[in-house]
Amino acid sequence: MKKFNKYLSIYKYIEPLEDDDKDFELRNSISLLYLYLEKYLNISSVQLQRSLEDDKKIKKLTNIKHNKNLSKFLDLFFADIHFLLISMEKCYKMVIKLFGLLNNTQKVKQIITDTEYINTKYIRNQLEHMDEKLSQTIDESQKHYFPLFKRKANWFHQQFRLMINNKITLTDKNKKTYTFELNENCMDKLIYYYEEINKLIENKYTLPNKDYVDKIL
C-alpha cells in the first residue's frame, strides 16, 4: 500500500518565514492543501485495500449455502466503497485547487473534464443524497435508470449492495452512464496528479528556498 508522506520534508520550503511575506496567504494555502491532500490520499489508499479485501471475502462466502456472514460483509463492502468515493473526491478537489494556486490552469481544465473525476464525483454525490431518492413520491426527474433492468426502478434500491464485475453503474435522466470500477489501479490518476504537484512545488519553492531555509532552520 503506497504511503504519501512528503509534507514533513518540504513544508518549510513552501511556507513563508515571516508573517509579512507578500505571498503569505498563498503559500500557507498551498502548504495546508498539500498536507490534507496527503492525508486523504492515505485514507483513500486504506479504503481501497479494505474494499478489495471485502470483495475477496464476499466471493468466498457466496460459494457457501445460507452463509450468515455474507450480509454483514456486503454491508461492510458497501460502506467501505462509499467512504472510498468520498475520500477520492476530496483528493480531486484539493488537486484542482493546488494546480490552480500553482498557476497550472491547463491541468485544472483537464481534470474537471476528465471522465474518472466526473464519474467519482457523480456517484459519490448520488450516494450522499440517497435518502432523497428512496421516496416513491420523488420528482420524476430525480429517478434513475439502472441498465440491468428494462423497467424504471429506484436506482439506489437496485444498486444497494450490488456490483456487477466490480462496477457501480448509474444512468441519469438523460441516459448518460456513470461508472466506478473497483480495482488496484483506480487511484492511479490521483497519484499521477500528486506527483505532478510535487514537481511544481519542487521547482517553485523547494529548490529556490532550500539553501536559505536550511541555513536558518
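- Between Asn42 and Lys2, the shortest heavy-atom contact is OD1-O, 4.1 Å.
- Here Thr169 contributes atom OG1 and Glu181 contributes atom CD; the two are 9.0 Å apart, rounded to the nearest 0.5 Å.
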Criterion side-chain contact (heavy atoms from CB on, under 4.5 Å) on Ser31 and Tyr7, from CA distance to verdict: CA-CA 8 Å; Ser31 180; Tyr7 174 79; 3.4 Å; yes
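- Note: Ile96 CD1 to Met94 CE = 11.0 Å, rounded to the nearest 0.5 Å.
- For Glu184, the side chain to side chain contact (heavy atoms under 4.5 Å, CB included) partners at least two apart in sequence or on another chain are Gln49, Leu52.
- Checked against side-chain hydrogen bond (donor to acceptor under 3.5 Å, both in side chains), Glu89 has the following partners two or more places apart in sequence or in another chain: Arg124.
- Remark: the Asn183 side chain and the Asn166 side chain contain no N/O donor-acceptor pair separated by less than 3.5 Å.
- Between the side chain of Asn119 and the main chain of Thr179, a donor-acceptor pair closer than 3.5 Å is present.
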Listing, residues 202-217 side-chain donor-acceptor contacts under 3.5 Å, not counting sequence neighbours, or none:
residue, atom, partner, partner atom, Å
Asn203, ND2, Lys199, O, 3.2
Asn209, ND2, Tyr13, O, 3.0
Asn209, ND2, Tyr205, O, 3.1
Lys210, NZ, Asp214, OD2, 2.9
Asp214, OD1, Tyr13, OH, 2.7
Asp214, OD2, Tyr13, OH, 3.2

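- For the side chain to side chain contact (heavy atoms under 4.5 Å, CB included) test, residues two or more places apart in sequence or in another chain that qualify with Asp80 are Gln47, Arg50, Ser51, Asp54, Leu76.
- Of the options Tyr193, Tyr117, Phe99, a side chain to side chain contact (heavy atoms under 4.5 Å, CB included) to Gln110 is made by Tyr193 and by none of the others.
- We find the CD1-CD distance between Ile111 and Gln106 to be 11.0 Å, quoted to the nearest 0.5 Å.
- Atom NZ of Lys90 and atom CD1 of Ile86 lie 8.5 Å apart (nearest 0.5 Å).
- The side-chain heavy atoms of Tyr122 and Phe180, taken from C-beta on, include no pair separated by under 4.5 Å.
- Residues Ile123 and Leu170 have side chains in contact (heavy-atom distance under 4.5 Å, counting atoms from C-beta outward).
- Scanning for side-chain hydrogen bond (donor to acceptor under 3.5 Å, both in side chains) contacts around Asn198 gives Tyr34, with sequence neighbours left out.
- Other residues, nucleotides and ligands contribute over 12 non-hydrogen atoms within 6.0 Å of the CZ atom of Phe83.
- Counting heavy atoms from C-beta on, the side chains of Leu48 and Leu182 come closer than 4.5 Å.
- In this structure, Lys121 and Lys93 have side chains that are not in contact, with every pair of non-hydrogen atoms separated by 4.5 Å or more.
- Between Ile197 and Leu37 there is a side-chain heavy-atom pair separated by less than 4.5 Å.
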N/O donor-acceptor pairs under 3.5 Å from side chains in residues 185-192, not counting sequence neighbours:
residue, atom, partner, partner atom, Å
Lys189, NZ, Asp114, OD1, 2.9
Tyr192, OH, Lys107, NZ, 3.2

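- Residues Leu101 and Ser29 meet the side-chain proximity criterion, which asks for heavy atoms closer than 4.5 Å.
- Placement of Ile201 and Phe24 in two distinct hydrophobic clusters is found when ILVMFWY residues are connected by side-chain heavy-atom separations under 4.5 Å, directly or transitively.
- The environment of CZ in Phe4 is crowded: more than 12 heavy-atom neighbours from other residues, nucleotides or ligands sit within 6.0 Å.
- Rounding to the nearest 0.5 angstrom, the gap separating the OH atom in Tyr40 from the OG atom in Ser87 is 6.5 Å.
- Donor-acceptor pairing under 3.5 Å is lacking for the side chains of Gln126 and Tyr178.
- Rounding to the nearest 0.5 Å places CD1 of Ile168 at 9.5 Å from NE2 of His82.
- What you find for Arg27 and Glu15 is that their closest heavy atoms are NH2-O, 3.5 Å.
- Inter-residue side-chain proximity for Phe77 and Lys57 is flagged as unmet; no heavy-atom pair is nearer than 4.5 Å.
- Between Ile30 and Tyr11, every side-chain heavy-atom pair lies at or beyond the 4.5 Å cut-off.
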